[in-house]
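Chain letters run A, B, ... following the sequence lines, proteins first, then strands; residues in each count from 1.
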Number of protein chains: 2
Amino acid sequence: MATGRNHRPATTRSRGIPEATVARLPLYLRALTALSERSVPTVSSEELAAAAGVNSAKLRKDFSYLGSYGTRGVGYDVEYLVYQISRELGLTQDWPVVIVGIGNLGAALANYGGFASRGFRVAALIDADPSLTGKPVAGIDVQHTDQLEQIIDESGVSIGVIATPAGSAQQVCDRLVAAGITSILNFAPTVLSVPEGVDVRKVDLSIELQILAFHEQRKAGEEALGEDETAPPAAPPAAAVTKRTEPGSDGDRPAVMPA
Amino acid sequence: MATGRNHRPATTRSRGIPEATVARLPLYLRALTALSERSVPTVSSEELAAAAGVNSAKLRKDFSYLGSYGTRGVGYDVEYLVYQISRELGLTQDWPVVIVGIGNLGAALANYGGFASRGFRVAALIDADPSLTGKPVAGIDVQHTDQLEQIIDESGVSIGVIATPAGSAQQVCDRLVAAGITSILNFAPTVLSVPEGVDVRKVDLSIELQILAFHEQRKAGEEALGEDETAPPAAPPAAAVTKRTEPGSDGDRPAVMPA
DNA sequence: CATTGTGAACTGTTTCACAGCG
DNA sequence: CGCTGTGAAACAGTTCACAATG
């Protein structure tokens, strides 16, 4: 899900390039990089699409927003495309990143290799726990939250990663924003509110699992419907007992379509 | 990003409920749970929407797919909605999960609290490194990959989390699927291919950062325009010249710096 | 009479299908 | 001829705006 904004026009065709396309560029880039390493000179939309896990029409449409970088009858020049997409994504420059919250997750992120691979560089690690201060994680000394503003100011970071507990996320976010950060990757399970102009993307394990559970449940229900799953506990709308759009007399029973 | 399928009809209105809506249910559930803990009895679409970070029309539309659970002039009964959404998401049942790849990330996931909170239970931890076998992580002994099939068979797990290096992800995926797993949450930076009927969702740090970098770059470019941006900096498709690793002395010049 | 529930309009995304071109 | 690039059609998701109603 592309968050980025909270309300606002939302999907605003960034710079002519649709959000959905932007979200796929990194995927293409990864596939292209692999081809490049194998010294494959050109690739067709069909092949590249397969490698990236999308269909070829979508890929061609996506590339068409970047310009006409292919050669009809031949395909795309791998190196050239790698460069164009990198440039488009802004990966030809260095992006220092600060990670706040060096718990299990924060440490894992700091150690994550793919991090450094594409122009991203961990510029600082920050945590509120004084016992961590000065300790090295992934080769970088953890600094104390008190220094947050100063660190951001000095390192010129514009991307912040929040890996703190949910309870402190908004506070950390506010400080990051006040200090000049304009892009945030949030791993804390909370909705962050930020001022206009600041982008937030979130990664939420528990949400992903819940979505999987939803589909998993459907699969189970399909093969053996007539299931009664869990009891019909829950109280009805309580108070005025309200009605029940009532799709079936037994009320609760899920399954049946909403019709 | 809502993957789930690789090709296929994609967004298939699951059980009448649009994918986009399903993806937001966990968000509503979280906000509702917080209200419930504060013993708030009812909530309006406006209030709940604000807490979940969406707009109220969207929220009402989303809820309308679940049924008519609100009361006009009043709002929604918090407890009742919590139950209905939980049931819809399949969270009224227990979902054992197996995590494969107990490196920094896998360990962080195993320790992640929000994991257990909503019906998800770490049933087993698996890693290919023999030196980890038998060692406890988050209170659970790591088991060796050799046991994978047996573990899955015995624990009746249907959701698998892949936190291995990219190189082994597809292989692990294949084994999980062969052993009966039908939902996979993939943290490895690779496109997994799975047979029809298996859901895959991916969480990819580096992709999220690249998307942020794209927007960040635009912001930088905006404030200092006068930029020609569309300029044909890099080399043209290089008809037959191919290779370009060399972007050109000046062609390189990326946008201004983000400061 | 505040607030839900929802048709209808709209905006964004995907897919189709084929003209254009190397 | 093969493959790209792209209008146009189809589809999905969001927002509007208001009638229905507890």
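A close approach under 4.0 Å does occur between a side-chain nitrogen or oxygen of Lys58(B) and OP1 or OP2 of dT15(D). Within the structure, every side-chain polar atom (N or O) of Asn55(A) is placed at least 4.0 Å from both OP1 and OP2 of dT14(C). Under 4.0 angstrom from either OP1 or OP2 of dG7(C) there lies no side-chain N or O belonging to Arg60(B). Within the 4.0 Å cut-off from OP1 or OP2 of dT3(C), not a single side-chain nitrogen or oxygen of Ser44(B) is found.
One finds no salt bridge joining Arg218(A) and Asp199(B) here, because no Lys/Arg side-chain nitrogen approaches an Asp/Glu carboxylate oxygen to under 4.0 Å.
Atom-to-atom, CD of Glu19(B) to P of dA12(D) comes out at 12 Å; the value is rounded to the nearest Å. In this structure, CZ of Arg24(A) is placed 8 Å from P of dT13(C), rounded to the nearest angstrom. In this structure, Phe63(A) atom CZ and dC3(D) atom P are separated by 16 Å, rounded to whole Å. In this structure, Leu59(A) places its CG atom 15 Å from P of dC16(C), rounding to the nearest Å. Remark: P of dG2(D) and CG of Leu48(A) are 21 Å apart, rounded to the nearest angstrom. If you measure from atom CD of Glu47(A) to atom P of dC3(D), you get 8 Å, rounded to the nearest angstrom. As rounded to whole Å, 17 Å separates atom P of dT4(C) from atom OH of Tyr65(B). When rounded to the nearest whole Å, the span between CD of Glu46(B) and C1' of dG5(C) equals 15 Å.
Of the candidates dG5(C), dG5(D), dG13(D), the closest approach to any side-chain atom of Ser68(A) belongs to dG5(D). When distances run from any side-chain atom of Tyr76(A) to the nucleotides dG7(C), dC16(C), dG5(D), the shortest one goes to dG5(D). Considering only the side chain of Ala57(A), dC16(C) comes nearest among dC16(C), dT6(C), dA8(D). Residue Arg72(B) has its side chain nearest to dT21(D) when only dC3(D), dT21(D), dT14(C) are considered. Comparing dT14(D), dT4(C), dG5(D) by their closest approach to the side chain of Ala20(B) singles out dT14(D). Comparing atom distances between the Lys61(B) side chain and each of dT15(C), dT15(D), dG13(D) picks out dT15(D) as nearest.
The residue Gly73(A) sits close to a base: some heavy atom pair falls under 4.0 Å.
For Tyr69(B) and Tyr76(B), the gap between ring centers reaches or exceeds 6.0 Å.
Ser64(A) meets the side-chain hydrogen bond (donor to acceptor under 3.5 Å, both in side chains) test with no other residue; sequence neighbours excluded. For Glu47(A), the side chain to side chain contact (heavy atoms under 4.5 Å, CB included) criterion is met by Val43(A), Ser44(A), not counting sequence neighbours.
The two residues Gln210(A) and Leu91(B) come nearest to each other via the heavy atoms OE1-CD1, 3.6 Å.
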